[in-house]
Amino acid sequence: SIPSLKKAYIVTYDLKGRVVVAPHSALHHKVCKVLGKKLVSQGKTQLAFHDGKHILSTEKMDGEKINVGDSVVITIPQGTIEKVIPLTPGATVYLLQGKHLGDIGILQAIQGKLVTYTKEGKEGYTQKGKSLETKREYLFALPADHEIVLARSSSAKKEIGGGSHG
């Protein structure tokens with residue numbers, strides 16, 4: 001985000017694995033994937049996120065337990081947890097690694113370290129509804145109304161570097 005301009009952007013991948021920058025309306029919120037957690041003093045839990053940040057939490061948000069692999073919406077700059085997005089069947093997921101980098105889908109099943117998800121896309125997308133399998137660690141749970149999901153149908157995206165990436 002660029003606070004002085006009151007603008008925020010999100011850097012993602014398109015379906016071909018190219019880096020894309022899109023406007024992001026949530027200047028004071030960020031979605032973070034929980035990569036680790038450990039118990040610290042006074043009954044607090046330290047959560048470690050994908051971006052290197054750590055916060056102390058009571059570990060429950062509205063009675064909902066936070067697990068490794070789940071995502072949370074945090075407020076910026078306060079760093080408080082506003083919402084938990086569990087990595088469970090029915091969750092909207094974004095793939096950050098692997099052969100299907102940049103895919104968005106709906107999580108169908110978790111079998112140990114592997115998951116099955118159904119690809120999402122705008123109407124007419126040839127692979128919409130296709131069921132695929134990938135590693136659980138590649139997934140990032142998102143709110144269904146998140147900018148990445150909505151940006152797929154937006155013309156406001158800008159590819160970095162342009163052209164093909166050989």
Side-chain angles (χ1 to χ4, degrees), residues 1 8-26 29-38 45-55 57 59-76 79-154 157 159-160 165:
S1 67
Y9 298 90
I10 190 161
V11 179
T12 64
Y13 298 102
D14 68 8
L15 292 171
K16 294 183 179 180
R18 297 176 296 205
V19 176
V20 174
V21 176
H24 188 50
S25 62
H29 295 87
K30 180 176 182 177
V31 181
C32 292
K33 180 178 178 179
V34 179
L35 294 184
K37 67 179 192 176
K38 64 180 170 179
T45 301
Q46 180 180 6
L47 300 173
F49 299 116
H50 76 285
D51 62 356
K53 286 185 176 38
H54 293 79
I55 63 168
S57 168
E59 184 168 349
K60 291 194 177 184
M61 178 69 188
D62 296 330
E64 197 168 354
K65 185 176 178 186
I66 301 170
N67 296 306
V68 171
D70 291 349
S71 296
V72 294
V73 177
I74 61 171
T75 58
I76 299 173
T80 56
I81 297 173
E82 190 171 279
K83 180 179 180 181
V84 178
I85 306 148
L87 186 64
T88 56
T92 299
V93 293
Y94 179 69
L95 276 78
L96 289 174
Q97 293 179 335
K99 180 177 168 183
H100 303 288
L101 172 74
D103 273 3
I104 292 175
I106 304 297
L107 182 58
Q108 299 299 316
I110 300 172
Q111 306 93 22
K113 293 183 179 183
L114 295 177
V115 297
T116 305
Y117 71 98
T118 305
K119 281 183 95 162
E120 290 291 304
K122 53 187 173 179
E123 291 304 317
Y125 177 54
T126 58
Q127 294 196 5
K128 183 176 180 177
K130 185 176 181 181
S131 188
L132 297 166
E133 189 174 83
T134 192
K135 292 182 179 180
R136 181 180 181 159
E137 68 189 73
Y138 293 173
L139 300 183
F140 194 112
L142 292 175
D145 62 348
H146 191 272
E147 300 285 334
I148 293 175
V149 179
L150 299 177
R152 287 294 161 91
S153 61
S154 171
K157 295 186 297 182
E159 292 178 19
I160 302 295
H165 298 295

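As the structure is a prediction and not an experimental result, all values here were calculated from the model.
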Return yes if a side-chain donor-acceptor contact under 3.5 Å exists between Thr118 and Gln108, otherwise no.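 There is such a pair (donor and acceptor under 3.5 Å, judged by atom type) between the side chains of Thr118 and Gln108.
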Looking at the rings of His100 and Tyr138, which for Trp means the six-membered one, are their centres under 6.0 Å apart?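 Ring centres of Tyr138 and His100 not closer than 6.0 Å.
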Find out whether [X] and [Y] are in side-chain contact, i.e. whether some heavy atom of one side chain is under 4.5 Å from a heavy atom of the other.
{"X": "Ile106", "Y": "Thr92", "value": "yes"}
{"X": "Pro86", "Y": "Asn67", "value": "no"}
{"X": "Ile85", "Y": "Leu142", "value": "no"}

Where is the tightest heavy-atom contact between [X] and [Y], given as atom of each residue plus distance?
{"X": "Ala141", "Y": "Ser71", "answer": "O-OG, 2.8 Å"}
{"X": "Glu137", "Y": "Lys33", "answer": "O-NZ, 2.9 Å"}
{"X": "Asp70", "Y": "Leu87", "answer": "OD1-N, 2.9 Å"}
{"X": "Gly36", "Y": "Val68", "answer": "CA-CG2, 4.0 Å"}

Thr134 and side chain to side chain contact (heavy atoms under 4.5 Å, CB included): which partner among Leu101, Val93, Leu114, Leu95?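 Passing option: Leu95.
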Quick one: do Glu133 and Gln111 satisfy side-chain contact (heavy atoms from CB on, under 4.5 Å)? Show the steps, please. CA-CA 10 Å; Glu133 189 174 83; Gln111 306 93 22; 4.1 Å; yes
For Lys53, give me all partners under salt bridge (Lys or Arg N to Asp or Glu O under 4.0 Å), at least two apart in sequence or on another chain.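 Salt bridge (Lys or Arg N to Asp or Glu O under 4.0 Å) list for Lys53, sorted by chain: Asp51.
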Set of residues satisfying ring pair (Phe, Tyr, Trp, His ring centres under 6.0 Å) with respect to Tyr117, sequence neighbours excluded: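 For Tyr117 there are no ring pair (Phe, Tyr, Trp, His ring centres under 6.0 Å) partners, ignoring immediate neighbours.
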Which residues pass the side-chain contact (heavy atoms from CB on, under 4.5 Å) test with Thr75, sequence neighbours left out?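 Testing Thr75 for side-chain contact (heavy atoms from CB on, under 4.5 Å), a comparison that skips the adjacent residues, returns His29, Gln78, Thr80, Glu82.
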With sequence neighbours left out, write down each residue that passes side-chain contact (heavy atoms from CB on, under 4.5 Å) with His54, or none if nothing qualifies.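 Per chain and number, His54 pairs via side-chain contact (heavy atoms from CB on, under 4.5 Å) with Gln46, Ala48.
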Distance in Å, [X] [atom1] paired with [Y] [atom2], rounded so as to fall on 0.5 Å steps:
{"X": "Tyr94", "Y": "Leu139", "atom1": "OH", "atom2": "CG", "result": "12.0 Å"}
{"X": "Ile104", "Y": "Lys119", "atom1": "CD1", "atom2": "NZ", "result": "10.5 Å"}
{"X": "Ile55", "Y": "Thr45", "atom1": "CD1", "atom2": "OG1", "result": "10.5 Å"}

